Amino acid sequence: MQRPGPFSTLYGRVLAPLPGRAGGAASGGGGNLWGLPGSHVQLPGRAQSGSVGDTGSTGARGRVSSSLCPARSTMSKAEEAKKLAGHVAVKNHVRNNQVLGIGSGSTIVHAVQQIAERVKEENLSVVCIPTSFQARQLILQYGLTLSDLDRHPEIDLAIDGADEVDADLNLIKGGGGCLTQEKIVAGYASHFIVIADFRKNSKNLGDQWHKGIPLEVIPMAYVPVSRAVTRKFGGEVELRMAVNKAGPVVTDNGNFILDWKFDRVHKWNEVNTAIKMIPGVVDTGLFINMAERVYFGMQDGSVDIRERPRLILQGAERSL
């Protein structure tokens, strides 16, 4: 995983970011969900990739080429890809008078920079809800308006990164330890979009990300929780240890992180629910049926846009 920015450590370890959605408008994956023409956006001055159609079809994919971020010799391809994804996502979705949920990790830094630029250039009025200490510091660093869920319990748009994204847009998050607050903010947002680089795109969870699914647990319960998870679902569970301090990683909530290294593909919706029911588990790093659109920055300087597939069920169109 790429090294995060300057405000990315707490308690000696890197900080990064349900079935159903709490609060906000119902979300789907269709072409005009965001009021955009189809499933892709063409930026000025660059030709559209020829392989992408113009309609926002079910499970749509789109690709845009961007000249917003010229290549820099000092920036890796992955870092450049993160920046591209963040810029295109912010351009497409951030509007005046929005309440924004700000995720955590190295990728979100680029999105916050772009939000700050647009606020200054376009005189936008936005309010930002952080998902971590790092996100809070970023919001303050860039002069954006900081708030919380007490004052703004309904969020218009949440933007976050991911450790891995599967073909159904299920996510693994929490590589940096902020999964619970990230899930809260995403869950109370009307729309939740994800920005990532090409390395995070997988057919199945676990194809690219091999560090396991993070589980935030109450400290006194980490041993019985570890045993319960391995008995029910196999694999191995490790207590995440800090790098620059003695002892385990401690989250912003004062809890421990377990990393469950699963050994097969599961029915993630069922597994997520079952693990959350284990006493002592605060939440999991499985974000199931939550992301509506994912922006992948690609190695060739384009941005690949994927939307959540939809089903036709009893004549009514529903999100998966």
Side-chain angles (χ1 to χ4, degrees), residues 2 5 17 27 29-57 59-72 75-96 98 100-122 124 126 128 138 142 144 156-162 165 169 171 186 189 191-201 291-308:
Q2 294 294 307
S27 59
N32 289 320
L33 172 66
W34 305 98
L36 299 173
S39 63
H40 61 278
V41 176
Q42 176 64 42
L43 297 179
R46 294 297 297 268
Q48 180 74 25
S49 297
S51 60
V52 180
D54 292 332
T55 58
S57 58
R61 297 177 67 96
R63 184 178 287 259
V64 299
S65 297
S66 172
S67 58
L68 287 172
C69 309
R72 300 176 182 176
M75 184 177 289
S76 69
K77 288 185 178 180
E79 200 65 28
E80 181 68 21
K82 294 177 185 180
K83 187 172 184 178
L84 285 168
H87 280 219
V88 174
V90 169
K91 178 181 177 65
N92 286 355
H93 299 295
V94 173
R95 300 290 182 265
N96 194 31
Q98 283 182 326
L100 303 176
I102 303 299
S104 303
S106 59
T107 306
I108 203 65
V109 174
H110 302 298
V112 172
Q113 290 173 340
Q114 181 67 6
I115 292 169
E117 289 179 12
R118 288 197 55 201
V119 166
K120 182 178 180 180
E121 294 172 359
E122 303 173 32
L124 299 182
V126 298
C128 298
L138 280 172
Y142 285 97
L144 298 170
D156 296 304
L157 172 70
I159 306 176
D160 209 339
V165 184
L169 300 198
L171 316 175
H191 301 291
F192 174 41
I193 65 170
V194 171
I195 54 178
D197 64 76
F198 52 89
R199 302 169 303 166
K200 310 302 175 62
N201 187 8
E292 301 173 18
R293 180 174 283 190
V294 179
Y295 289 79
F296 290 105
M298 306 304 290
Q299 290 173 288
D300 62 3
S302 65
V303 175
D304 191 26
I305 304 172
R306 285 175 47 203
E307 295 182 341
R308 188 168 60 196

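The model shown is predicted, which means the values in this text are computed figures rather than measured ones.
Smallest separation of non-hydrogen atoms from A162 and V194: CB-CG1, 3.9 Å. The minimum heavy-atom distance linking A111 with I195 is given by the pair CB-CD1, 3.7 Å. Of all non-hydrogen atoms in A89 and I193, the two that sit nearest each other are CB-CD1, 3.9 Å. Taking every heavy atom of both residues into account, F198 and M298 meet most closely at CD2-C, 4.0 Å. The two residues A186 and A158 come nearest to each other via the heavy atoms CA-CB, 4.1 Å. Among all heavy-atom pairs drawn from L171 and L169, the shortest one is CD2-O, 3.6 Å.
A 4.5 Å side-chain heavy-atom check between K200 and V294 finds every atom pair outside the cut-off. In this structure the side chain of I102 reaches within 4.5 angstrom of the side chain of I115, judged on heavy atoms.
Residues satisfying the side-chain contact (heavy atoms from CB on, under 4.5 Å) criterion with Q113, sequence neighbours excluded, are V109, H110, Y142. Judged as a salt bridge (charged side-chain N to carboxylate O under 4.0 Å, His left out), and not counting sequence neighbours, E117 has no contacts. With sequence neighbours left out, E122 forms a side chain to side chain donor-acceptor pair (under 3.5 Å) with R118.
Atom CG in L144 sits 12.0 Å away from atom NZ in K120 (nearest 0.5 Å). Atom-to-atom distance recorded for E292:CD and E307:CD is 9.0 Å, nearest 0.5 angstrom. Atom OH of Y295 and atom NE2 of H93 lie 2.5 Å apart (nearest 0.5 Å). Taking CG of D304 as the start and CG of L84 as the end, the distance is 12.5 Å to the nearest 0.5 Å. For the atom pair CZ (F192) and CD1 (I159), the distance works out to 10.0 Å, reported to the nearest 0.5 Å.
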Checklist entry - Can K82 and R199 be said to form a side chain to side chain contact (heavy atoms under 4.5 Å, CB included), step by step? => result CA-CA 10 Å; K82 294 177 185 180; R199 302 169 303 166; 3.8 Å; yes
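Not a single donor-acceptor pair under 3.5 Å links the side chain of E79 to the backbone N or O of S76.
No side-chain donor from either of R293 and N92 sits under 3.5 Å from a side-chain acceptor of the other.
Between E80 and K83 there is no salt bridge, since no side-chain nitrogen of the basic residue lies less than 4.0 Å from a carboxylate oxygen of the acidic one.
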